[in-house]
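Lettering of chains follows the sequences in order, A, B, ..., and the numbering in each one begins at 1. If you're wondering where the values come from, they're calculated on a predicted model, not measured in any experiment.
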2 protein chains.
Amino acid sequence: MGTTTSPPPPLGDADLTARARIRDAAIARFAADGVASTTLRAVAEDAGVSAPLVVHHFGSKDGLRVACDHHVASVIRTSKSAAMTGSLDPLAGLRQLGQGPPLLRYLARTLADGSEHVATLLDELVDDAVGYLQQGVEHGVVKPTSAPRERAVVMLMWHFGALVLHEHVERLLGADLTASDPAELLPWALAAGEVLTHGVITEPLFDQMREAAQTLAAERDRS
Amino acid sequence: MGTTTSPPPPLGDADLTARARIRDAAIARFAADGVASTTLRAVAEDAGVSAPLVVHHFGSKDGLRVACDHHVASVIRTSKSAAMTGSLDPLAGLRQLGQGPPLLRYLARTLADGSEHVATLLDELVDDAVGYLQQGVEHGVVKPTSAPRERAVVMLMWHFGALVLHEHVERLLGADLTASDPAELLPWALAAGEVLTHGVITEPLFDQMREAAQTLAAERDRS
DNA sequence: CAAGATACTTAATGTGCGTTCAGTATGTCA
DNA sequence: TGACATACTGAACGCACATTAAGTATCTTG
């Protein structure tokens with residue numbers, strides 16, 4: 001065999017083909033710099049291919065972006081169903097997939113920039129979170145609530161919102177929310193855990209809030 | 001008077017000059033589309049001027065961006081000190097400035113994209129939040145904590161993080177976090193308020209978390 | 001081995017961008 | 001009035017970008 005060029009892996013095979021390398025490189029770049037600031041050339045270079053090959057495989061830059069959305073969503077969908085204990089962290093299962101491209105960072109970035117596919121993925125994650133929290137209630141580790149869905153939304157938004165701002169969390173607290181190593185997010189987990197266990201505000205203030213809300217709603221009905 | 005062209009406002013005056021119009025238009029565009037996806041031409045058109053005038057006033061696109069950072073930071077710094085009651089919401093005072101350009105949206109977007117000036121502004125806001133929470137503790141509306149700064153960071157990250165994801169909050173909960181009208185964020189405030197009052201997880205789970213943390217720290221020390 | 005598809009390259013194309021140029025009106029000040 | 005600065009414009013420039021064109025290997029299939 002004239003082995004001047006390295007033989008590519010068997011074609012029908014799962015991954016590591018150039019197409020997959022491009023996709024992974026794009027996910028990393030999109031996650032780090034945002035979609036708009038990422039050039040096709042940079043992605044191509046990271047993947048060790050030429051720029052036109054990217055469009056050959058994905059049609060266009062937007063096609064590449066959609067493919068990334070689909071891939072991230074698919075990986076998360078499959079990995080979340082596995083090994084999901086009754087833990088507090090709805091992302092616990094997702095942190096496992098720290099190897100390879102930074103999926104969580106990509107998800108956070110895309111969530112902030114707005115994407116149809118990732119939005120529906122988020123909707124699914126909300127549904128899942130409702131289920132996990134319900135399980136937690138049954139196991140006695142999560143407190144019951146009168147508005148399970150609203151609570152799930154709030155907690156998921158807090159989680160992902162903090163993930164979007166992970167750079168600031170790292171600067172302010174020295175905890176890396178995107179790390180797969182749980183030790184890296186310890187300072188954050190302890191502080192957040194305390195709030196989520198004991199709360200921050202007292203009953204009277206909350207009552208006051210609800211009263212104000214009712215006044216607001218009453219005013220609204222009169223108009 | 002030959003009024004073929006509208007007479008410009010007196011020059012030494014405070015605002016509404018073309019420079020200010022450009023700045024406000026840029027803030028709105030940057031907030032909505034992100035900096036990278038915003039063209040100088042679009043900003044100029046919104047402000048009713050030509051594109052070269054933008055660079056005449058601000059030197060470059062990056063200069064414009066820096067000017068926006070400074071302006072937003074300055075407005076927030078001055079408005080936050082006024083009318084800041086012992087309220088729960090550290091952004092309560094900031095919501096007032098809903099008129100004019102969407103400062104909160106800009107802040108959230110820039111926080112996610114990363115900017116030096118806005119990062120230092122955030123650091124200041126953390127310091128402020130520590131103070132406000134301490135005031136709240138003294139007034140009996142906020143529960144005391146052993147780690148005030150960490151708690152303040154967590155709460156501010158949650159707040160701003162959710163603000164970054166306001167689009168999803170609106171879709172999932174029907175509440176607009178960027179609105180100045182408090183009625184618009186009622187569904188969110190009630191759900192978040194309940195969590196912040198009663199917590200979500202039970203003591204045993206939190207104890208379990210802390211134990212795991214200590215184990216982790218012990219392992220770390222041994223290496 | 002012919003023949004077609006697939007993976008990939010370099011070179012070229014066209015467009016949209018930030019920015020610069022050259023010029024015009026409208027001050028301001030001696 | 002003349003001289004100079006400031007605010008502003010339309011036209012043009014140059015560059016970086018996504019995308020296309022054209023061509024070359026390599027694999028697949030009869």
Practice prompt. Would you kindly check if the NZ (Lys) or CZ (Arg) of B:Arg19 is within the cone defined by 45 degrees around the ring axis of B:Phe58 and under 6.0 Å from the six-membered ring centre?
Written response: yes

Discussion item. Suppose we call a contact any N or O donor and acceptor under 3.5 Å apart; does that hold for the side chain of B:Arg41 and the base of C:dG16?
Written reply: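 There is none.
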
Euclidean distance, atom [atom1] of residue [X] to atom [atom2] of [N] [Å, nearest integer]:
{"X": "A:Phe58", "N": "C:dA7", "atom1": "CZ", "atom2": "P", "result": "11 Å"}
{"X": "B:Leu40", "N": "D:dC15", "atom1": "CG", "atom2": "P", "result": "19 Å"}
{"X": "A:Arg65", "N": "D:dT19", "atom1": "CZ", "atom2": "P", "result": "14 Å"}
{"X": "B:Arg21", "N": "D:dC8", "atom1": "CZ", "atom2": "C1'", "result": "11 Å"}
{"X": "B:His56", "N": "C:dT24", "atom1": "NE2", "atom2": "C1'", "result": "14 Å"}
{"X": "A:His57", "N": "C:dT9", "atom1": "NE2", "atom2": "P", "result": "9 Å"}
{"X": "B:Leu64", "N": "C:dT19", "atom1": "CG", "atom2": "P", "result": "10 Å"}
{"X": "A:Glu45", "N": "D:dA18", "atom1": "CD", "atom2": "P", "result": "13 Å"}

Fill in: Option among B:Thr38, B:Asp24, B:Asp46 that satisfies the side chain to side chain donor-acceptor pair (under 3.5 Å) test with B:Arg29
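One option only clears the test, and that one is B:Asp46.
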
Worksheet item: Starting at the 5' end of DNA chain D and moving along, which residue's nearest nucleotide shows up first, A:Thr39 or A:Gly59?
Response: A:Thr39

Item to complete: Report which part of the nucleic acid B:Thr38 touches: base, sugar-phosphate, or nothing (heavy-atom distance under 4.0 Å, all strands).
Response: sugar-phosphate

Worksheet item: Across the strands shown, which category fits A:Val54 at heavy-atom distances under 4.0 angstrom: base, sugar-phosphate, nothing?
Response: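 Since no nucleic acid heavy atom lies under 4.0 Å of A:Val54, the category is nothing.
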
As a test of reading the structure: which of [options] is closest to the side chain of [X], going by heavy atoms?
{"X": "A:Pro52", "options": "C:dA11, D:dC8, C:dC8", "result": "C:dA11"}
{"X": "A:Lys61", "options": "C:dG18, D:dA18, D:dC8", "result": "D:dA18"}
{"X": "A:Ser50", "options": "D:dT9, C:dG18, C:dT9", "result": "C:dT9"}

Worksheet item: More than 12 foreign heavy atoms under 6.0 Å from CD of A:Glu45: is that the case here?
Response: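 Open.
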
Worksheet entry | Minimum-distance pair of heavy atoms, taken over all atoms of A:Arg65 and A:Phe30 | CA-CE1, 4.0 Å

Item to complete: Look at the aromatic rings of B:His70 and B:His117 and report parallel, tilted or perpendicular, splitting at 30° and 60°.
Response: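 B:His70 vs B:His117 ring planes: tilted.
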
